[in-house]
Amino acid sequence: MARPPQKYQEGERVRVQGWAKSDIGTVASTDWIYHDRMSGWCWGYAVRDWDGDGPGLTFTYIPEGYLRSL
């Protein structure tokens, strides 16, 4: 399967939506991950340097669908 292009790049500031809250952070790294809820592969993003407490997610690499551009 060909990987689609990444939507976000390292160093980019993004909003991450958790189940109950959201926060803004910086993309630190990316990886091609398997996401159980989607039953498929997608880009995952390690996000650091949160403006607040983070979005309440426990992912090491957050699936692309949880991120939004600022």
Side-chain angles (χ1 to χ4, degrees):
M1 174 178 133
R3 296 178 184 181
Q6 296 177 17
K7 290 185 179 178
Y8 310 100
Q9 303 302 317
E10 290 182 23
E12 186 174 349
R13 301 280 289 160
V14 293
R15 177 175 299 282
V16 179
Q17 180 62 53
W19 295 285
K21 61 182 181 172
S22 67
D23 201 354
I24 295 172
T26 303
V27 175
S29 65
T30 60
D31 198 5
W32 189 242
I33 62 169
Y34 185 82
H35 184 35
D36 289 329
R37 289 186 70 195
M38 290 178 31
S39 299
W41 293 87
C42 66
W43 286 109
Y45 299 85
V47 180
R48 307 284 185 266
D49 300 325
W50 299 106
D51 286 354
D53 296 341
L57 299 172
T58 60
F59 295 109
T60 301
Y61 284 90
I62 302 169
E64 190 168 78
Y66 293 85
L67 280 67
R68 299 289 179 268
S69 295
L70 293 180

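Index from 1, following the sequence.
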* salt bridge (Lys or Arg N to Asp or Glu O under 4.0 Å) partners of Arg13, counting only residues at least two apart -> Asp51
* To do: Using the salt bridge (charged side-chain N to carboxylate O under 4.0 Å, His left out) rule, collect all pairs that involve residues 14-26, keeping only residues at least two apart or in two chains.
  => none
* Does a side-chain heavy-atom distance below 4.5 Å link Gln17 with Pro55? -> no
* Using the test side chain to side chain contact (heavy atoms under 4.5 Å, CB included), find all partners of Asp31 that sit at least two apart in sequence or belong to another chain. => Ile33, Tyr61
* Structure fact -> Separation between CD1 (Ile62) and SG (Cys42), nearest 0.5 Å, reads 11.5 Å
* **With Lys7, the side-chain contact (heavy atoms from CB on, under 4.5 Å) member among Glu12, Arg68, Glu64** => Glu64
* Asked: Got a sec, which residues hit side chain to side chain contact (heavy atoms under 4.5 Å, CB included) with Ser39, two or more places apart in sequence or on another chain?
  -> Tyr34
* Asked: By side-chain hydrogen bond (donor to acceptor under 3.5 Å, both in side chains), which residues pair with Arg37, not counting sequence neighbours?
  -> Tyr66
* Is there a chain of hydrophobic side chains (I, L, V, M, F, W, Y, each step under 4.5 Å between heavy atoms) that links Ile24 to Leu67? -> no
* Enumerate the residue pairs fulfilling ring-ring contact (aromatic ring centres under 6.0 Å, His included) with a member in residues 2-25, sequence neighbours excluded, ordered by first and then second residue. => Tyr8-Tyr45
